[in-house]
There are 2 protein chains.
Amino acid sequence: MSTAASPPGRPGRRPSTSRVELEKVAFRLFDRDGFDATTVDDIAKAAGIGRRTFFRYFDSKNDVVWGAFTDHLEYMRERFAARPEGEPVMESLRAVVVDFNRVDEGETDRHRRRLELILRVPALQAHSTLRYADWRAVVAEFAARRTGAHPGDLRPQAIAHAALGTALAAYEHWLGGQGSDLCAVLDTAFAELARGFEEESRCS
Amino acid sequence: MSTAASPPGRPGRRPSTSRVELEKVAFRLFDRDGFDATTVDDIAKAAGIGRRTFFRYFDSKNDVVWGAFTDHLEYMRERFAARPEGEPVMESLRAVVVDFNRVDEGETDRHRRRLELILRVPALQAHSTLRYADWRAVVAEFAARRTGAHPGDLRPQAIAHAALGTALAAYEHWLGGQGSDLCAVLDTAFAELARGFEEESRCS
DNA sequence: TTCCATTTGACACCGGGTGCCATTAATGTC
DNA sequence: GACATTAATGGCACCCGGTGTCAAATGGAA
């Protein structure tokens with residue numbers, strides 16, 4: 001039961017489980033009891049490992065929810081770099097963000113529960129800020145490069161924040177509505193963002 | 001030493017201190033030892049109260065930093081309501097946000113240290129999300145009313161997020177630079193925001 | 001078998017936060 | 001002055017997340 005995917009012929013004892021395995025166990029408990037009511041001890045016990053070991057797989061209980069987010073960020077950075085130089089900023093943004101949120105068919109359910117937790121559980125809302133900051137940094141970096149500014153400057157920062165806000169609003173909409181495609185929602189959301197702000201400062 | 005401003009002739013024992021008093025004590029310790037290294041016990045001991053009592057004044061250690069923020073939000077809502085109906089959204093926004101950040105001459109130093117903590121200490125960055133959410137809700141509510149949308153809709157949300165991002169960028173700039181006036185920084189920041197996005201979706 | 005690298009998990013500890021409850025201090029009444 | 005009432009206090013035990021330490025378990029290589 002506890003034999004993990006034993007990696008190649010490397011010396012030393014083999015891990016007794018894996019991040020994904022732990023994630024599955026944890027999500028099952030989160031579904032059943034809620035995030036707050038599930039203790040790390042519960043997860044460890046359900047996974048058949050020691051509490052201490054859990055913290056070797058994840059830095060914190062919060063981190064379980066985020067899966068391989070950090071790795072994905074690097075991918076997002078690459079996608080930005082791959083966009084044609086002349087493309088309007090907002091359009092690149094739309095393409096990359098939509099692509100960033102595309103998940104395998106089988107994963108879409110997990111993705112939904114993931115977002116549900118992140119957006120609804122206060123402890124995770126708080127924690128998510130730190131992750132969002134990294135996400136925004138990638139966006140700001142891109143926006144800065146395109147507009148010839150520094151990532152810390154006002155415009156890139158505002159763009160990054162607005163992009164994040166748009167994505168979050170789209171997530172909310174997707175979670176609220178019944179089953180429409182997330183990518184489609186994001187796509188229209190970012191299209192509206194570009195149009196929206198264009199009018200914004202002109203009319204009432 | 002511990003006699004607080006004894007309120008009127010109300011029955012029952014009088015509070016032995018006050019939120020502001022505790023805040024002062026705490027900030028002194030934060031300055032000296034840093035936020036993380038300062039325990040609640042330290043604060044309680046320095047204030048001459050029990051640890052348990054501390055948590056009757058503040059819901060959490062994090063909350064100490066935020067002072068009367070929640071009360072201020074109601075004031076901000078009023079200011080929005082007081083803006084002339086025909087004024088451009090971005091302009092109302094600028095006026096209100098700038099006004100919201102105006103503090104008494106004597107308080108400006110505390111305000112600075114407050115922002116410094118919120119923006120730099122990870123634990124507080126995370127916690128701040130929950131406060132920002134309330135702030136954004138007020139902005140989104142206003143933006144929605146003006147544009148005839150729902151606060152949860154995309155445009156108000158994007159505006160609120162962009163406004164928050166702009167404010168944060170301005171704070172950062174203010175903290176980094178030497179002593180220029182915060183309100184001035186915010187003012188130009190929001191002016192740029194309106195101009196910036198106007199060009200944004202048109203050029204590269 | 002021996003050596004070495006690696007993971008494991010038990011244990012003790014810290015710090016934030018909460019429920020409980022007896023105690024203390026203030027008021028007003030008889 | 002004795003008494004109930006009201007409110008704040010603070011000690012205590014407890015939960016939970018997170019960390020440092022260290023001996024033991026595991027498996028490959030010599």
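When reading the values below, keep in mind they use all heavy atoms of this one structure, side chains included, and skip hydrogens, waters and symmetry mates. Order of the sequence lines sets the chain letters (A, B, ...), proteins ahead of strands, with each chain counted from 1.
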Classify the angle between the aromatic ring planes of A:Phe69 and A:Trp66 as parallel (below 30°), tilted (30 to 60°) or perpendicular (above 60°).
perpendicular
Which label fits B:Phe100 and B:His72: parallel for a plane angle under 30°, tilted from 30 to 60°, or perpendicular past 60°?
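Answer is perpendicular, since the angle exceeds 60°.
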Would you compute the distance between atom OH of B:Tyr171 and atom CD of B:Glu116 and round it to the nearest 0.5 angstrom?
14.0 Å
Are the side chain of B:Asp59 and the backbone N or O of B:Phe55 linked by a donor-acceptor pair below 3.5 Å?
no
For the backbone of B:Thr39 and the side chain of B:Asp42, can you confirm whether one donor and one acceptor N or O come within less than 3.5 Å of each other?
yes
Calculate the interatomic distance between [X] atom [atom1] and [N] atom [atom2]; express it in whole Å.
X: B:Asp41; N: C:dG16; atom1: CG; atom2: C1'; value: 10 Å
X: B:Lys61; N: C:dT18; atom1: NZ; atom2: C1'; value: 18 Å
X: B:Ile43; N: C:dG16; atom1: CD1; atom2: C1'; value: 11 Å
X: A:Asp36; N: C:dG17; atom1: CG; atom2: C1'; value: 13 Å
X: A:Asp42; N: D:dG17; atom1: CG; atom2: C1'; value: 13 Å
X: B:Phe58; N: C:dT18; atom1: CZ; atom2: C1'; value: 18 Å
X: B:Phe54; N: C:dG15; atom1: CZ; atom2: P; value: 14 Å
X: A:His127; N: D:dG17; atom1: NE2; atom2: P; value: 14 Å

Would you give a per-nucleotide map of nucleotides 3-12 of chain D, 5' to 3', where B means the base has a protein non-hydrogen atom under 4.0 Å away, S means only the sugar-phosphate does, and - means neither?
---BBBBBBB
Can we say B:Glu141 and B:Arg146 salt-bridge, meaning some charged N sits less than 4.0 Å from an Asp/Glu carboxylate O?
no
Who are the side-chain hydrogen bond (donor to acceptor under 3.5 Å, both in side chains) partners of B:Glu105, not counting sequence neighbours?
none
Indicate, with a heavy-atom threshold strictly under 4.0 Å, whether A:Asp59 touches base, sugar-phosphate, or nothing.
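Sugar-phosphate, backbone atoms only, no base.
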Answer with yes or no whether the side chains of A:Tyr75 and A:Asp99 bring together a donor and an acceptor at under 3.5 Å.
yes
Is it true that the NZ or CZ of A:Lys61 lies under 6.0 Å from the centre of A:Phe35's six-membered ring and within 45 degrees of the ring axis?
yes
Tell me the bend of the helix from C:dT1-D:dA30 to C:dC30-D:dG1 as the angle between end helix axes, each from five pairs, rounded to the nearest 10 degrees.
20°
